[in-house]
Each structure stands twice: as structure tokens, then as C-alpha cells.
Amino acid sequence: MPKTKTERVTISLCPPVDLGGEPGWIPFDAPSLVGESLRFVSGEPDGNRFRARYYRDAEQHLHARIWFGPETEGPPGHAHGGAVAAVMDEALGLAAWAAGYPIVVGNLNVSFRNMLPLQKVVTVESRVISAEGRKVMVHGRIFSGETVYAEAECLCITIPGK
Ligand SMILES: CCCCCCCCCC(=O)SCCNC(=O)CCNC(=O)[C@H](O)C(C)(C)COP(=O)(O)OP(=O)(O)OC[C@H]1O[C@@H](n2cnc3c(N)ncnc32)[C@H](O)[C@@H]1OP(=O)(O)O
């Protein structure tokens, strides 16, 4: 039997980050609503890709604190556009679910407004704008302070039978 060489790979994790919400925000348990499959963005809360925590405010709007880790890099030191779009896909789709619409995302239009620095905690805010027939429109933006990093319009389509 051929001998295999054991390679030791050391993955150093970035230090903990503060994903705490604003006063009045209530933590939102996404897996209990949509299941454990929602892993791509929010599945590794201590990893080096994304760290995410969801909240709802008093008006039931969904918010997220998101940290873009080093594994989301696109332009040097900044988040990949696909990483930004992945966050929009998850957060805005989840906003529709949280508002009572079992959906998948049919169309996602993202405008990248500013380069998003890695290892920065940003906020995603979302609004369900309309619901007509099977079409649910959700708008959102990623920002920190006065800086808007991305805006998105997300057309969600309800899943028949859900
Ligand atoms: C389960 C837990 C999930 C929780 C996660 C939430 C966050 C994650 C969000 C995601 O990442 S979802 C994954 C990415 N999305 C997909 O993979 C969706 C793939 N596409 C599909 O499955 C189907 O195309 C879809 C269900 C969206 C629509 O197919 P259907 O055959 O059910 O519907 P149909 O094509 O008849 O369209 C219904 C209506 O929606 C409209 N529509 C559908 N797709 C559209 C589109 N892409 N753009 C514009 N309009 C669209 C369509 O024109 C029509 O309008 P009208 O009723 O007015 O005629």
C-alpha cells in the first residue's frame, strides 16, 4: 500500500468581530425559517469568508451585519463583486421570506457604488417594496456610516405549493 504524506495545513482565523445590532433590533433566526441550507454567506460565523448576523427592527424590516473576510477578496484589499452580490442575494431573498413570502430569487440587479474594504463590518438594510401575484420586489443597500457600497433590486418569485 503506497505511503501517503500527511500535510499539515494551518488556517489562521481572523479575530472575532462585533456584529452587534442597533438598539431595538431583535436577532432573527434565519435557519429556523428557511432551513439549514442557507450556508454560503451565513454558514461559517467564525470563518474567514463572510460573518453574518440577521436582525429585525420594530417594523419587521430585515437588517444584517456582515463582515467581508479575506476569502471574499476581489480587487486587492476589497470585496469581490460576486461576494457583494451573494450577500444581496441571501439578505434580500431572506427579507422576502421574513415578510411571509416563500420565494427564490428570479432577478438580482446590483449597483456597485464604492469599493468595499475587507474585514469591515457593514450593514445591509432591506425593504419589501411590492408583492403582486408571484412577484415580490425587495430593495436593499449595503452601507457603513455615510458610505453606500452597493444597492440592489431583487425580484423574488414565490414557489408554488410552499
Ligand atoms: C429554500 C430556502 C431559501 C431561502 C433563501 C433565500 C435567499 C436565497 C435566495 C437564492 O439564492 S435563490 C437561488 C437563486 N435563484 C434560483 O436558482 C432561481 C432559478 N429560477 C427558477 O427556479 C425559476 O425560473 C423561477 C421559480 C424563478 C420561475 O419559474 P416558474 O416556472 O415557477 O415561473 P414562471 O417562469 O412562470 O414565472 C412566473 C412569473 O415570474 C416572472 N419571472 C420569472 N423569472 C423572472 C425573471 N428572472 N425576471 C423577470 N421576471 C421573471 C415571469 O415573467 C412570470 O410573470 P407573469 O406571471 O407576469 O407572467
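Positions are given from 1 along the sequence. Every number for a ligand or one of its atoms is a count from 1 in the order of the listing. Keep in mind the model is a prediction, meaning the values are calculated, not measured.
In this structure, atom 35 (O) of ligand 1 has no protein heavy-atom contact shorter than 4.0 Å. There is no protein heavy atom less than 4.0 angstrom from atom 24 (O) of ligand 1. For atom 42 (N) of ligand 1, a protein heavy-atom neighbour is present inside the 4.0 Å cut-off. Using a 4.0 Å threshold on non-hydrogen atoms, atom 32 (O) of ligand 1 counts as touching the protein. Proximity of atom 19 (C) of ligand 1 to the protein is not indicated, since no non-hydrogen protein atom lies closer than 4.0 angstrom. Checking atom 11 (O) of ligand 1 against the protein gives a heavy-atom contact under 4.0 Å.
The single protein non-hydrogen atom nearest to atom 16 (C) of ligand 1 is V105 O, 3.6 Å, given as residue, atom name and distance. The protein atom (non-hydrogen) at minimum distance from atom 47 (N) of ligand 1 is G106 O, 2.8 Å. The single protein non-hydrogen atom nearest to atom 39 (C) of ligand 1 is K135 CE, 4.1 Å, given as residue, atom name and distance. For atom 5 (C) of ligand 1, the nearest protein heavy atom (residue, atom name, distance) is L38 CD1, 3.7 Å. For atom 49 (C) of ligand 1, the nearest protein heavy atom (residue, atom name, distance) is L155 CD2, 3.3 Å. In terms of protein heavy-atom proximity, atom 28 (C) of ligand 1 is nearest to I157 CG2, 4.2 Å. What sits closest to atom 1 (C) of ligand 1 on the protein, heavy atoms only, is W97 CZ2, 3.9 Å.
In this structure a side-chain-to-backbone donor-acceptor pair under 3.5 Å is present from R49 to F40. Side-chain N or O atoms of R113 include none that pairs as donor or acceptor with a backbone N or O of R141 at under 3.5 Å. When atom types are taken as modelled, the side chain of S42 and the backbone of A52 share no donor-acceptor pair closer than 3.5 angstrom. Formation of a donor-acceptor pair under 3.5 Å by the R127 side chain with backbone atoms of H139 is not found in this model. Between the side chain of Y149 and the backbone N or O of L116 there is no donor-acceptor pair closer than 3.5 Å.
Tracing side-chain contacts under 4.5 Å through hydrophobic residues (I, L, V, M, F, W, Y), one reaches V34 starting from I66; they form part of the same cluster.
Here the shortest heavy-atom pairing between R53 and G20 reads NH1-N, 4.1 Å. The two atoms that bring A150 and M88 nearest to each other are O-CE, 3.5 Å, heavy atoms only.
Considering backbone and side-chain atoms alike, R134 places an N or O below 3.5 Å from some N or O of ligand 1. Backbone and side-chain nitrogen or oxygen atoms of D89 are examined, and one is located within less than 3.5 angstrom of a nitrogen or oxygen of ligand 1.
Here the rule is side-chain contact (heavy atoms from CB on, under 4.5 Å) with V138, and of I129, L92, L155 only L92 fits it.
When I103, N107, V34, V104 are checked for heavy-atom proximity to atom 22 (O) of ligand 1, V104 turns out nearest. Taking only non-hydrogen atoms, the option from A91, A95, G93 nearest to atom 6 (C) of ligand 1 is G93.
Using bins of under 30°, 30° to 60° and over 60° for the plane-to-plane angle, the ring pair W25/Y55 lands in the tilted bin.
Below 4.0 Å from some heavy atom of E90 lie the following atoms of ligand 1, by number and element: 7 (C).
Put simply, CZ on R39 and CD on E90 are 11.5 Å apart, with the number rounded to the nearest 0.5 Å.
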